[in-house]
Every structure is written in C-alpha cells, then in structure tokens.
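The first residue in the sequence is number 1, and the count goes up from there. Computed from a prediction, not measured in an experiment: that's the story for all the values here. Counting convention: from 1, in listed order, for ligands and their atoms alike.
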Amino acid sequence: RGKRAFIAGIADDNGYGWAIAKSLAAAGAEILVGTWVPALNIFETSLRRGKFDESRVLPDGSLMEIAKVYPLDAVFDSPEDVPEDVKTNKRYAGSSKWTVKEVAESVKQDFGTIDILVHSLANGPEVSKPLLETSRKGYLAAISASSYSFVSLLRHFLPIINPGGATISLTYIASERIIPGYGGGMSSAKAALESDTKVLAFEAGRKHKVRVNTISAGPLGSRAAKAIGFIDMMINYSLENALGKGVICCLYCFRVSNLKMDQTEEVGNTAAFLASPLASAVTGATVYVDNGLNAMGVGV
Ligand code: NAI
C-alpha cells in the first residue's frame, strides 16, 4: 500500500507545507492535513470552492487529494491545557478535538497508522522585535509554537507511526547565523528545533525505528513570512544599505549561489526523499535546501 502522511501547518497553497504535500502526493502518498484552528474555515471553504485547484495539479495532470483536514492547535497538548478564553473564542468554539493528543487519537481512529509526519508550522508573536527587546512571554510563546510543538506532535503520533517511518520539520538559517529581523526568540526556537532533531532522532530511532530530520529552507514569501514583514524587509534591503548601516544582512543571499531565488518545489522534493526508503540511513540531520545560502560568508 502507499504511504500515509500527516502534514501539520497548511492553511493555504503558498507555504512549504503545501509544497511538501504535493511532492508526497506525487510520489503516491495519501495526504492528511492539520490546519490551525483559526484558519480552518477559510482553508476548507477555499478548498471546496476550487480556489486551490490550479495549485493542486500534480506532474501527471491529476489533482492532489486531501483525504482529511483536521483542526489543530499545536500549542495545546490536551483539553486540560486550554484556557477558558480560547475555549470560548468563537473561532475555536466551532471546532472540537484540536489539541495535539486529540488529533493523534482522531487520526488513529480514522486511519489506524501513518508513515510520515511533517511539522511545517511556526509562530512568534514578537518576531518583529529584536531579541534584546523580546519579553519572556513572547520568547516562550515562540518556543512553544515553533519548537515544543514538534516534540509534542512526535510524542503523541509516535505510537501510530509505522516502523521505518519518517518525520520532517522546517527550520531556518537564523538558528546559527545572525539574521536581523528574525526576532522575538524565533532564532532561538529554530536552534532548539535543530538540536531536538538530533536527540529525537536517537530516541525515536531506538524506540520505534522512526527517522527525524529537518530541512533548513531558504526564504519564501509565505503567508507567515509576509505577515511579519520579514520577506519585505529582506527584499528592500540593498547590500549598500546593509553595509552602510554596519549590519550583517541576509538579503544578498538571494543572489549568492547564482542558482535561483525560489526553492519551494525543491523543499517538497527533498521532504519526499527524506521520507522515502532512499534516505533510510539519514536521521538527525539538518538538510539545507536554500540554493547554497548557508555556505556564504559575504554577499556578492
Ligand atoms: P505558512 O504560513 O505556510 O505555514 C505556517 C503555518 O503554521 C500556517 O498554516 C499557520 O496557520 C500554522 N500555525 C501557526 N501557529 C499554529 C499553531 N499553534 N498550531 C497549528 N498551526 C499553526 O508559512 P511557511 O513560511 O511555509 O512556514 C512553514 C515552516 O517553514 C515554518 O516552520 C517556518 O518557520 C519554516 N520556514 C519558513 C521560511 C520562509 O522564509 N517562509 C524559511 C525557512 C523555514
């Protein structure tokens, strides 16, 4: 039988999660999606009304099918963790069973097992603030939504991931190099995610024969990135400007490798590779899919 994938963090057809879903679907996988509760309505409506049909087209001309969309909020592990104001919020009240534990239970009930778990979500409420101006609350929120959310997903899904299965998350070079503008503790959250990739690869590998890898992706004008103004900031920054201000700028990285600026499809394809038996000896790795951005010392 074909493989079954659960992809957490798709709410439109622009982000890395969507690209990964397409590559996995093209390789024959069945696709289940976890969508952030506040974004669920619009995502399902758009899907139903055919708004994504053009971007659902696979290389063989067929349309990607999504077997089921689950509401998910990955900052809550079980119902006891949900505060009253969220419970009664009208964007949440219309959905149920969206904590990590409950979603894993629902997937188990509906499908039994999965083979591939993808974490393509992040959130940092203070991302536009420099780290030096970030509050404790904002920092911890970034870690909770962007790093622990992976630990929690893996923890709750592991019992239903078939041995030989694989998990993939998305990270960013700001974890290891200075990227001004990627603030609010987001750089710290990605560093945690990458470190956890190693420890979890060991634990999940020993315990369940499940591999754990992360893809360090180049910049993409996704909804999340646009919302924080991060991509605009990068695009508007010229090299002269950056040097003039004496800051290290990441912008020119777009041009560095002289390959291309976009790597969305390649992120999807790399995820499909990492999830496949072709990568059966790859675990605990941070795999760069960024046109070489990570290797640059200075922009040219
Ligand atoms: P995106 O907006 O397509 O994906 C982020 C998703 O996370 C959204 O669908 C959002 O609804 C969801 N989300 C936020 N909080 C959530 C929560 N508490 N529970 C469940 N879902 C939640 O944007 P993008 O950029 O494709 O992000 C996907 C991953 O790729 C993220 O981990 C991001 O940090 C990473 N990445 C993005 C880069 C970029 O330049 N866009 C570069 C490198 C990595």
Side-chain angles (χ1 to χ4, degrees), residues 6-22 33-44 46 52 55 69-77 81-82 86 91-92 95 98-100 103 118-125 127 141-150 152-153 168-177 179 181-182 184-194 197 214-235 250-251 253-254 261-264 266-268 270-271 286-291 293-294:
F6 180 86
I7 303 162
I10 298 183
D12 59 38
D13 59 350
N14 289 320
Y16 281 129
W18 180 270
I20 292 172
K22 277 185 77 173
V33 165
T35 299
W36 196 27
V37 190
L40 180 73
N41 225 331
I42 179 143
F43 178 61
E44 286 198 304
S46 306
F52 301 139
S55 32
V69 178
Y70 293 86
L72 167 72
D73 195 322
V75 304
F76 302 112
D77 301 315
D81 301 331
V82 184
V86 176
R91 284 153 97 199
Y92 282 78
S95 301
W98 40 258
T99 65
V100 177
V103 175
V118 178
H119 174 283
S120 182
L121 62 96
N123 208 352
V127 65
I143 297 272
S144 172
S146 314
S147 318
Y148 188 77
S149 56
F150 179 66
S152 178
L153 275 165
I168 293 141
S169 66
L170 274 303
T171 185
Y172 186 51
I173 186 74
S175 60
E176 44 178 323
R177 303 279 160 82
I179 308 282
Y182 202 73
M186 278 306 299
S187 57
S188 331
K190 291 306 191 190
L193 182 68
E194 288 172 30
T197 297
T214 187
I215 295 175
S216 184
L220 162 71
S222 63
R223 191 189 175 104
K226 279 183 185 145
I228 63 178
F230 180 56
I231 290 286
D232 290 345
M233 179 207 79
M234 293 206 304
I235 290 171
C250 55
L251 240 279
C253 310
F254 271 142
M261 275 173 52
D262 178 77
Q263 62 275 305
T264 317
E266 289 87 343
V267 166
T270 303
T286 297
V287 179
Y288 298 96
V289 185
D290 60 359
N291 291 307
L293 182 156
N294 71 91

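Considering backbone and side-chain atoms together, Tyr172 places no N or O closer than 3.5 Å to any N or O of ligand 1. Inclusion of Tyr16 in the set of residues having an N or O under 3.5 Å from an N or O of ligand 1 is warranted. For the pair Asp73 and ligand 1, the shortest N or O to N or O distance falls below 3.5 Å. For the pair Thr171 and ligand 1, the shortest N or O to N or O distance does not fall below 3.5 Å.
With hydrogens and angles left out, the side-chain atoms of Asn14 and Ser222 include no donor and acceptor closer than 3.5 Å. For the residue pair Thr214/Glu194, the side-chain donor-acceptor check at 3.5 Å is not satisfied. Side-chain N/O atoms of Tyr288 and Gln263 include no donor and acceptor closer than 3.5 Å.
Close approach to Gly9 involves these atoms of ligand 1, each under 4.0 Å from a residue heavy atom: 4 (O), 6 (C), 9 (O). Set against the non-hydrogen atoms of Gly15, the atoms of ligand 1 under 4.0 Å away are 3 (O), 26 (O). The ligand atoms of ligand 1 that sit less than 4.0 angstrom from a heavy atom of Ala225 are 41 (N). Ligand 1 places these atoms under 4.0 Å from at least one heavy atom of Pro219: 40 (O). Using a 4.0 Å cut-off to heavy atoms of Ala74, the atoms of ligand 1 that qualify are 17 (C), 18 (N), 19 (N), 20 (C). Residue Ala122 has at least one heavy-atom neighbour below 4.0 Å for each of these atoms of ligand 1: 7 (O), 14 (C), 31 (C), 32 (O), 34 (O). With ligand atoms numbered from 1 in the order given, ligand 1 contributes 42 (C), 43 (C) to contacts under 4.0 Å with heavy atoms of Ala217.
Ligand 1 has at least one atom lying under 4.0 Å from a heavy atom of Ser120. Assignment of Gly218 to the shell around ligand 1 is supported, since a heavy atom sits closer than 4.0 Å. The shell of residues lying under 4.0 angstrom from ligand 1, judged by heavy atoms, excludes Met186. At least one heavy atom of Val75 lies less than 4.0 angstrom from ligand 1.
Note: Trp98 and Tyr92 meet the aromatic proximity criterion, with ring centroids under 6.0 Å apart. Here Trp36 and Phe43 keep their ring centres 6.0 angstrom or further from each other.
When the heavy-atom distances from atom 30 (O) of ligand 1 to Val37, Leu220, Asn123, Leu170 are ranked, the shortest goes to Leu170. For atom 12 (C) of ligand 1, the candidate residues are Asp13, Leu121, Val103, Leu72; the nearest heavy-atom contact is made by Leu121.
Residues Tyr172 and Pro219 share a closest heavy-atom pair of OH-CG, 4.0 Å.
Between the Arg177 side chain and the Asn294 main chain, a donor and an acceptor come within less than 3.5 Å of each other. For the pair Thr270 (side chain) and Glu266 (backbone), a donor-acceptor distance under 3.5 Å is present.
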Practice task
In sequence, state the C-alpha distance, the side-chain angles, and the governing distance for Asp73 and Thr99, and then conclude on side-chain contact (heavy atoms from CB on, under 4.5 Å).
Solution key: CA-CA 6 Å; Asp73 195 322; Thr99 65; over 6 Å; no
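Under 4.0 angstrom from ligand 1, there are no non-hydrogen atoms of His119.
Phe150 contributes atom CZ, which lies 5.0 Å from atom OG of Ser169 (distance to the nearest 0.5 angstrom). Within the model, atoms CG of Leu121 and OG of Ser146 stand 7.5 Å from one another, a figure rounded to the nearest 0.5 Å.
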